[in-house]
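Structure record follows, encoded as C-alpha cells.
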Amino acid sequence: MLIFDQLNKADRHLRLLSWCVAAGLAVLFGGLWWVQVVRSGHYAEDQRNQSSRTVRVPGPRGKILDRHGVALAENVPVYNISLYLHDRGWRALAWDEYVRQRAVAVARTAAPARPPSWLARFLAWTGLRSLPKETRKLDVATRNELLRRSRYAATSNLVQQLGLALGQVVVTNEAKFQKEFHEHYEQRRALPMPILSGLSSNLIARFLEQGTRLAGLDMEIQPIRIYPQGTVAAHVLGYLRRSEESAEDELSFYNYRLPDYRGISGIEYSQDEELHGRAGAKSMLVNNLGYLQSETVWSPVEAGRNVTLTLDAAVQAEAERALKNAPGAGHPVRGAAVVLDCRTGEIIALASAPAFDPNKFIPHISAADYAEYMDESTRPLQHRAILGGYPPGSTFKTVVALVGLEAGTLDPASIFQVAVDPENAPKGCIYVGQRKIRDTANAGPYNFKRALIKSSNSYFITNALRVGPEAIIAMGERLHLGERTGIPLGQDSRGILPTRDWIKKNRGPWQNGDTANLAIGQGDLLVTPLQLAVAMAAVANGGRVLTPQLILSTQGQDELVDPAQRAGVRPVIRDQLPVTSRTLRLVHEAMLADTEDAEGTGTKAQVEGFRICAKTGTAQLIKLGHTKADDHITWFASFGPYEQPRYAVVVMVESGGSGGGTCAPVAQRIYTKLRDREKQPAASRKNSLARN
C-alpha cells in the first residue's frame with residue numbers, strides 16, 4: 001500500500017501502529033455491514049413490533065378554602081401498591097409457573113406422540129445419533145389457556161406473599177380480583193395494576209421493610225380529592241364524578257387515561273375550569289408483548305388554582321348543626337339556613353338539610369349510598385337554600401309594610417279592629433268577597449307594631465287591598481323576586497312573583513283573593529331562602545339590593561396569601577328600594593319588637609348583647625281544598641344587630657312546628673356563633689373549627 005510504502009521502513013513501531021489502525025477500521029466497517037445489511041431485517045421487524053401509546057395524566061385539583069384559609073376541599077397523597085407487568089421478575093415468575101403447568105399438562109394429555117423422522121431413524125441405525133425421547137405436543141388453544149392461568153397463578157401467589165408481609169388479607173374476593181387482573185392484562189398491560197390502595201403508615205412501614213423484595217410490586221403515590229370537614233358546606237362544594245372527557249385544547253384521543261374527575265354540582269362544577277388545572281400527556285413505547293419499553297413526557301401537568309369562598313366554615317358548621325337539631329321538625333330535618341353580610345352581600349353560611357358526604361363519591365359512590373341520596377322523601381342532594389320555591393308566608397308582610405308605609409295608606413299609629421271568627425273564637429278572621437280567611441292573631445285592636453309581631457292576616461290583607469297589588473308587585477320586582485340571584489353554583493331557582501299578566505296567563509283575571517294571598521305570602525308567590533335573605537339585607541342596610549357573592553378570590557397553589565390581609569369583595573348593588581329612612585326605621589322597630597316584646601313570636605332567637613330584628617312565618621300549602629299536617633313551611637327572616645345591622649339570617653324548615661318554635665332557636669344558635677366569632681382574634685379563627 002502507498003501509505004505503508006511511504007513510511008520509514010526502519011520505524012517498526014510506526015508500521016505496527018498503522019497496521020493496528022487499519023485492522024480497527026476493518027472491524028468497524030465489518031460491524032456496520034453486519035448491522036446495516038445482515039441484521040437490518042431483524043431491526044425492521046423489531047420496530048414494527050413496537051408501538052406508541054399516549055397517556056393522559058390529570059393535573060391535581062385546586063383547593064377550596066373558606067375566608068380564613070380553612071380547607072373545605074383539598075388533595076392528599078394516597079399510598080398504593082401496584083403490580084408492574086413489564087417487570088422482569090414478575091415475567092420470570094409467570095414463565096416458571098407456565099413451565100410447571102405445561103409439564104403437568106403434557107403428562108396428562110392423551111395426544112399421540114409425533115413419530116421420529118426417517119433421517120432420525122437412519123442416524124440412530126448408524127450410531128451417529130440416538131433417537132429423541134418421546135414428546136407430546138399441546139395445541140395452540142391449550143398453550144394460550146395455560147399461559148393465561150400461569151400469569152394469574154403467579155400473581156395470586158405474589159399477592160399472598162404480600163399479605164403475609166403486611167400481616168393482612170389483601171384480596172377478599174378472589175373471583176373479582178381474577179377478572180380484574182385478566183382485563184388489566186389484556187387492555188392496560190403497560191400501566192401499573194393497583195393491588196392495594198390507601199395504605200396506613202403501619203402498612204407503609206411493613207412494605208418498605210419486607211415487601212420490596214417481591215418481584216413486580218412497588219409503592220406509588222397518587223393525589224386524591226378529600227373533603228376534610230365531611231358534610232360541612234357539602235351542597236356549596238358539590239361533588240365529583242369520574243370523567244373521560246378532554247378539555248378543548250387537549251388531544252381528543254388517548255390510549256390510556258389515568259383517573260380523572262369533573263365537578264357535577266356546586267363550586268366543583270361552576271369553578272371546574274379553575275380547579276381542574278391542565279392535564280399532561282406522555283408517550284409510552286410498548287413492545288409486541290404489550291410491555292413498557294420507555295416513556296417520554298410530551299407536556300407536564302399544571303395544577304389547578306385554589307378558590308377561596310366567602311363562607312366562614314365555623315359559622316357554616318354551626319348553622320348545619322343547629323338546622324339538623326331544629327326542634328319540632330321531625331327526622332331527618334328538611335330545611336335551609338342562609339347567613340348574608342348586609343353590607344357587602346358576602347355569603348357567610350349557606351346550609352341545607354339533610355346533608356350528604358361528598359367523600360362518598362370518590363372514587364365512586366356505592367349502590368347503597370346512591371339509593372339513600374336518591375330518596376324522594378328526603379332529597380339530600382337538593383340544595384334547598386337556592387333550589388325550589390317556597391311560599392314565604394308572613395315574612396312577606398315586611399314587604400307589604402314597606403309599600404303601605406311609603407304610600408301613606410298604612411298609618412302606624414292608627415288602630416285596626418280585627419273581627420272575631422265566630423267558628424274559632426277568640427281568633428280573628430277577614431272576609432274577602434265570599435271567602436273567609438282565618439287570622440293567626442286573636443280578635444281585637446291592632447296598630448302596626450302589634451300587627452307585625454302578632455302576624456295579623458286581617459291587618460295586612462286590609463292594607464294590601466288599600467294600596468293595591470301593583471305597588472306590592474313593583475316592590476317585589478325591585479327586590480328581584482322571581483329572578484335568579486346569580487350565585488355561582490350552576491343552579492339557582494327563579495321562584496315566582498305573580499303579576500297580573502302571570503295570573504291571567506295561568507289562572508285567569510286577577511281577583512281580590514289574589515291580593516289577599518300576596519299580602520300574607522301565600523298563593524302563587526314562591527321564593528328561595530337566599531332570595532329572602534337578600535330582601536332582609538336590603539331592609540337592614542338602607543334599601544340596597546345586593547348581589548349575593550360567594551367567591552372571595554382565586555390564586556395559584558404556589559401563591560401564599562395571608563387571609564388576614566386579603567381584601568374583601570366589593571358590593572355589587574343590584575337595585576335601590578324606593579323607601580325613606582323613616583319607613584325603614586318603623587319596620588326595624590316593629591321587627592325588633594318581634595324578638596323582644598312579650599307578645600312577639602320570635603323571642604326564642606334572643607341573644608345576649610346582640611339585638612335581633614325578625615319576622616316569623618308559617619305558610620300553608622293548600623291542596624285539593626284542604627291542608628295536611630305536614631304541608632307547611634316555617635320561616636324565620638331576620639337581621640342584626642339592630643343598632644348597626646351586619647348580618648341577615650334566614651332559616652326555613654319544611655313541616656316544622658312554627659316559625660317561632662322551630663326556626664327561631666336555629667337562628668339563635670347562628671347569631672350566638674356570629675357574636676362569638678366577632679370577639680375572636682382573626683389569627684385564631686382558622687383553627688377554631690377543629691375545636692368545635
Side-chain angles (χ1 to χ4, degrees), residues 41-42 45-53 80-117 119-120 129-166 169-197 211-218 220 255-256 284-294:
H42 168 77
E45 180 65 22
D46 185 61
Q47 183 64 33
R48 285 193 295 269
N49 289 335
Q50 291 179 342
S51 61
S52 179
R53 302 284 192 271
N80 306 322
I81 295 177
S82 299
L83 173 62
Y84 291 80
L85 300 180
H86 63 268
D87 183 81
R88 292 180 180 272
W90 176 85
R91 293 163 67 180
L93 292 176
W95 179 255
D96 292 343
E97 182 64 23
Y98 169 74
V99 172
R100 186 189 69 79
Q101 292 198 22
R102 183 182 182 280
V104 174
V106 167
R108 292 178 178 177
T109 184
R114 178 181 297 179
S117 65
L119 180 60
R129 186 175 180 180
S130 61
L131 282 173
K133 295 181 180 180
E134 183 180 18
T135 59
R136 301 179 185 274
K137 298 293 184 181
L138 300 176
D139 58 76
V140 175
T142 303
R143 289 200 302 271
N144 289 339
E145 180 60 25
L146 278 179
L147 284 169
R148 190 172 186 269
R149 286 161 45 187
S150 301
R151 288 190 292 264
Y152 176 71
T155 303
S156 180
N157 292 336
L158 198 62
V159 170
Q160 290 182 11
Q161 295 177 42
L162 175 64
L164 293 175
L166 299 181
V169 177
V170 176
V171 175
T172 58
N173 189 330
E174 191 73 21
K176 181 181 178 182
F177 179 73
Q178 184 175 0
K179 179 182 178 182
E180 291 175 349
F181 170 78
H182 290 313
E183 289 180 352
H184 187 92
Y185 184 85
E186 296 297 332
Q187 302 172 15
R188 301 177 296 276
R189 196 177 312 169
L191 294 177
M193 177 185 175
I195 300 296
L196 191 61
S197 301
T212 53
R213 58 182 173 79
L214 300 177
L217 293 178
D218 200 0
E220 59 181 11
N255 297 106
Y256 303 115
M284 301 191 308
L285 189 63
V286 180
N287 63 17
N288 62 319
L289 298 178
Y291 297 115
L292 178 65
Q293 296 290 102
S294 63

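In this chain, numbering begins with 1 at the start of the sequence shown.
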Measure across [X] and [Y] and return the closest heavy-atom pair with its distance rounded to 0.1 Å.
X: Ser82; Y: Pro194; value: OG-CA, 3.8 Å
X: Trp90; Y: Ala215; value: N-CB, 3.8 Å
X: Tyr152; Y: Gln178; value: CE1-CA, 3.5 Å
X: Val169; Y: Val171; value: CG1-O, 3.2 Å
X: Leu146; Y: Ala105; value: CD1-CB, 3.9 Å

Roughly how far, to the nearest 0.5 Å, is [atom2] of [Y] from [atom1] of [X]?
X: His182; Y: Arg149; atom1: NE2; atom2: CZ; result: 10.0 Å
X: Tyr98; Y: Arg148; atom1: OH; atom2: CZ; result: 15.5 Å
X: Arg151; Y: Glu97; atom1: CZ; atom2: CD; result: 12.0 Å
X: Phe181; Y: Ser156; atom1: CZ; atom2: OG; result: 10.0 Å
X: His184; Y: Thr155; atom1: NE2; atom2: OG1; result: 10.0 Å
X: Leu191; Y: Leu83; atom1: CG; atom2: CG; result: 12.0 Å

One pair to check against side-chain contact (heavy atoms from CB on, under 4.5 Å): Leu158 and Ile195. What are the steps and the verdict?
CA-CA 11 Å; Leu158 198 62; Ile195 300 296; over 6 Å; no
side-chain contact (heavy atoms from CB on, under 4.5 Å) assessment of Arg102 paired with Ser150:
CA-CA 9 Å; Arg102 183 182 182 280; Ser150 301; over 6 Å; no
Would you check if Ile81 and Leu166 make a side-chain contact, meaning some heavy-atom pair closer than 4.5 Å?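 Sidechains of Leu166 and Ile81: in contact.
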- Message: Strictly distance-based, threshold 3.5 Å: is any side-chain N or O of Arg189 a donor or acceptor partner for the main-chain N or O of Tyr185?
- Response: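 Between the backbone of Tyr185 and the side chain of Arg189 there is a qualifying donor-acceptor contact (under 3.5 Å).
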Carefully, step by step, assess Asp87 and Asp218 under the rule side-chain contact (heavy atoms from CB on, under 4.5 Å). CA-CA 10 Å; Asp87 183 81; Asp218 200 0; over 6 Å; no
